[in-house]
Undergrad: 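For reference, the structure I am asking about is given below.
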Amino acid sequence: MSLASALGLTSVRKVRYAFVALGDITQEAMLPGVAHTGDSEVVAFVTGDPEKARGVGKQYGVTNSYGYEQFGELVDSGKIDAPYIATPNWRHAEFAIPALKAGIHVLVEKPLEISTAKCREILDVGKGSPAKLMVAYRLHFEPATLATIDLIRSGKLGDLLTFASTFTQMVSPENHRARSGIEAGPIFDMGPYPVNAARYVFGSEPTEVVSAVGVRHPEAGLGDFDDTVAVTLRFPGNRLAQFVLSYVGNTLDTYTVVGTKGSVEVNPGYMCGKSLERTVTIGGSKTHESFKNTDHFGGELRYFSDCILNDRHPECDGEEGYADVRVLEGIAKALRTGESVHLDPFDRSRRIDTDAQRQTLRAKASPELVNTSNPGKGKEKVPKN
């Protein structure tokens with residue numbers, strides 16, 4: 001009996017997924033999370049490595065395997081309701097577009113793509129499709145993140161002034177991200193985390209990349225790109241966001257928000273596999289809270305399947321993905337030119353609904369997805385997407 005069945009999580013219908021690409025994030029994070037959803041199942045793999053598909057398929061009971069070039073055949077087969085796309089960043093449109101054209105729902109890893117032009121191609125197809133498109137922003141369903149958004153919206157921190165973040169990890173020279181240029185480097189790989197966090201913290205869109213400075217550490221043995229980048233963004237209302245990204249630093253993922261009445265530090269703030277923690281300071285009073293470790297990946301998968309089964313538009317949709325790539329593209333340009341970059345005006349039509357996100361996860365949810373506040377246990381896992 002499966003874990004979902006043992007916990008009474010089976011439903012009349014489950015969304016049938018094909019997982020496209022069997023890299024670290026698929027095998028170590030998303031596949032284990034399926035059992036915690038109750039409304040999702042994996043029925044096919046799409047990969048360039050048939051031997052890997054056989055091994056992973058045996059582990060998870062998946063017998064349908066397709067090469068990347070056979071994706072169109074799978075889309076037309078009637079075997080799936082949605083693909084989960086976890087290919088390298090620059091191959092997202094390659095699979096998202098034909099699926100959406102065929103009316104097949106799409107869950108795609110962040111960033112949505114590596115340019116606003118590619119994002120627009122996906123969004124344009126999505127507008128004419130009955131299918132739903134969601135970008136895998138797992139932190140939109142994570143307890144510490146939702147609680148911090150509620151804290152900020154309560155006004156207890158006063159008028160917000162700054163957002164500051166550090167996100168660093170050691171990347172092996174053998175990893176494909178070390179050999180694929182800027183599109184696989186820290187800007188597009190890790191940048192979505194602080195960019196997205198700054199956007200939901202301020203509840204607005206940045207207007208300018210004030211500066212982007214990059215450095216390279218030859219001793220790290222990485223490829224032809226800046227392995228460490230420092231960025232400053234300007235937001236409306238005289239607000240600033242600053243963050244550092246690195247492929248050669250000891251693991252650290254933290255962000256701090258400062259207002260006129262208080263501040264909040266979330267540390268760790270982006271990782272999965274371990275509880276996220278925060279320290280809130282209001283005036284001279286300081287409190288610390290540790291949030292239970294939850295399955296971020298099972299949570300986002302359950303949410304998207306719920307949207308499909310109940311015909312609801314996902315919050316972290318294609319427009320949310322575009323909003324981040326718009327900024328990442330500006331950062332890459334500022335890094336290349338050494339000049340500030342003004343970002344074209346853009347208004348996000350939707351923001352995170354914290355109550356709705358929690359409600360979806362709580363309804364018949366596995367304990368691994370439930371939002372509670374307690375010390376968490378588990379192995380720390382830095383995202384590899």
Side-chain angles (χ1 to χ4, degrees), residues 4 11-22 25-26 29-31 33-47 62 64 66 68 70-87 89 91-113 118-138 140-141 296-322 325 349-350 353 356-357 360-361 363 369 385:
S11 58
V12 175
R13 177 169 177 256
K14 293 185 178 183
V15 176
R16 302 167 301 166
Y17 285 91
F19 279 13
V20 183
L22 295 177
I25 194 168
T26 299
M30 190 60 91
L31 275 169
V34 175
H36 301 152
T37 66
D39 59 6
S40 315
E41 61 180 338
V42 185
V43 299
F45 292 145
V46 180
T47 176
V62 177
N64 294 306
Y66 295 77
Y68 291 125
Q70 296 174 298
F71 183 69
E73 176 185 338
L74 174 61
V75 164
D76 294 335
S77 70
K79 294 179 179 178
I80 66 168
D81 301 304
Y84 162 63
I85 302 171
T87 58
N89 302 333
R91 298 192 69 179
H92 290 177
E94 177 183 344
F95 298 98
I97 288 175
L100 291 170
K101 283 183 176 179
I104 301 293
H105 308 290
V106 171
L107 175 61
V108 58
E109 267 304 334
K110 56 197 172 301
L112 178 57
E113 251 288 350
K118 281 289 186 181
C119 290
R120 290 191 196 98
E121 288 183 32
I122 297 172
L123 296 181
D124 287 346
V125 172
K127 288 177 182 177
S129 172
K132 302 184 190 303
L133 168 65
M134 180 172 132
V135 185
Y137 287 102
R138 57 182 173 77
H140 287 214
F141 313 97
H296 302 186
F297 294 87
E300 67 184 356
L301 191 65
R302 175 182 171 79
Y303 173 85
F304 186 51
S305 292
D306 184 77
C307 288
I308 293 171
L309 294 171
N310 294 289
D311 193 24
R312 287 198 282 265
H313 185 81
E315 172 270 317
C316 36
D317 56 11
E319 184 185 71
E320 180 74 353
Y322 173 88
V325 174
S349 62
R350 193 173 179 185
D353 185 335
Q357 316 293 64
T360 299
L361 297 184
L369 308 183
N385 59 301

Undergrad: With a 4.5 Å limit on heavy-atom distance, are the side chains of V20 and T87 in contact?
TA: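 V20 reaches T87 side chain to side chain.
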Undergrad: Is it true that a side-chain atom of D317 and a backbone atom of E319 form a donor plus acceptor pair closer than 3.5 Å?
TA: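 Checked: pair present.
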Undergrad: Can you give me the closest heavy-atom contact between E320 and H140, atom names plus distance?
TA: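 Looks like OE2-CE1, 3.5 Å.
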Undergrad: Any non-hydrogen side-chain atom of L301 less than 4.5 Å from a side-chain atom of Y17?
TA: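 Yes, side chains in contact.
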Undergrad: Roughly how far, to the nearest 0.5 Å, is CD1 of I80 from CG of L74?
TA: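 Going from CG on L74 over to CD1 on I80, the span is 4.0 Å.
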Undergrad: Provide the closest heavy-atom pair for P98 versus A93 in the form atom of the first, atom of the second, distance.
TA: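 That closest heavy-atom pairing would be CD-O, 3.9 Å.
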Undergrad: Could you check whether the rings of F95 and Y68 sit parallel, tilted or perpendicular, using 30° and 60° as the cut-offs?
TA: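 Aromatic pair F95/Y68 classed tilted.
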Undergrad: What's the separation between atom CD in E113 and atom CZ in R91, rounded to the nearest 0.5 Å?
TA: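 E113 CD to R91 CZ: 11.0 Å, rounded to 0.5 Å.
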Undergrad: side-chain contact (heavy atoms from CB on, under 4.5 Å), that's the test. Do D39 and V15 meet it? Break it down for me.
TA: CA-CA 6 Å; D39 59 6; V15 176; 5.8 Å; no
Undergrad: Which label fits F304 and H105: parallel for a plane angle under 30°, tilted from 30 to 60°, or perpendicular past 60°?
TA: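 Aromatic pair F304/H105 classed perpendicular.
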Undergrad: I need the D81 CG to L107 CG distance, nearest 0.5 Å.
TA: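 Answer for the CG-CG pair, D81 versus L107, is 13.0 Å.
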Undergrad: What pair of heavy atoms forms the shortest contact from T26 to A86, and how long is it?
TA: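 Shortest heavy-atom contact: OG1-CB, 3.5 Å.
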Undergrad: Begin with the C-alpha distance, continue with both residues' side-chain angles, and end with the deciding distance and a verdict on side-chain contact (heavy atoms from CB on, under 4.5 Å) for Q70 and V46.
TA: CA-CA 8 Å; Q70 296 174 298; V46 180; over 6 Å; no
Undergrad: Is K132 salt-bridged to D311, going by a charged N under 4.0 Å from an acidic O?
TA: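 Yes, K132 and D311 are salt-bridged.
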Undergrad: Rounded at 0.5 Å granularity, tell me how far CD in E41 sits from CZ in R13.
TA: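 Reported to 0.5 Å precision, the distance equals 9.5 Å.
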Undergrad: Locate the shortest heavy-atom distance separating N89 from P111; write the atom from each residue and the value.
TA: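 For N89 versus P111, the nearest heavy atoms are OD1-CD, 3.5 Å.
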Undergrad: For the residue pair G318 and L112, what are the closest heavy atoms and their distance?
TA: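 Here G318 and L112 meet closest at O-CD2, 3.6 Å.
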Undergrad: Do the side chains of H92 and I85 get nearer than 4.5 Å, heavy atoms only?
TA: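 Yes; the side chains approach each other to less than 4.5 Å.
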Undergrad: So, R120 side chain and Y322 main chain: donor-acceptor pair closer than 3.5 Å or not?
TA: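 No; zero donor-acceptor contacts below 3.5 Å.
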Undergrad: How close do L133 and P314 get, counting heavy atoms only, and between which atoms?
TA: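 Nearest pair, atom of L133 first, then P314: O-CG, 3.5 Å.
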Undergrad: Any sub-3.5 Å donor-acceptor pair from R302's side-chain atoms to T37's backbone N or O?
TA: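 Side chain of R302 to backbone of T37, a donor-acceptor pair under 3.5 Å: yes, one is there.
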Undergrad: Side-chain contact, heavy-atom cut-off 4.5 Å: F297 with I25?
TA: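 Answer yes - side chains close enough.
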Undergrad: Within this structure, what is the CE-CD distance for the pair M134 and E300, rounded to the nearest 0.5 Å?
TA: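 So the gap between those two atoms works out to 5.5 Å.
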Undergrad: What verdict does the side-chain hydrogen bond (donor to acceptor under 3.5 Å, both in side chains) test give for Y84 and E109, after you've listed the backbone C-alpha separation in whole Å, the side-chain angles of each residue and the deciding distance to 0.1 Å?
TA: CA-CA 8 Å; Y84 162 63; E109 267 304 334; 2.7 Å; yes
Undergrad: Passes side-chain contact (heavy atoms from CB on, under 4.5 Å), Y303 versus E315? Steps please.
TA: CA-CA 10 Å; Y303 173 85; E315 172 270 317; 3.5 Å; yes
Undergrad: About how many Å separate CD of E94 and CD of E121, when rounded to the nearest 0.5 Å?
TA: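 That separation rounds to 12.0 Å.
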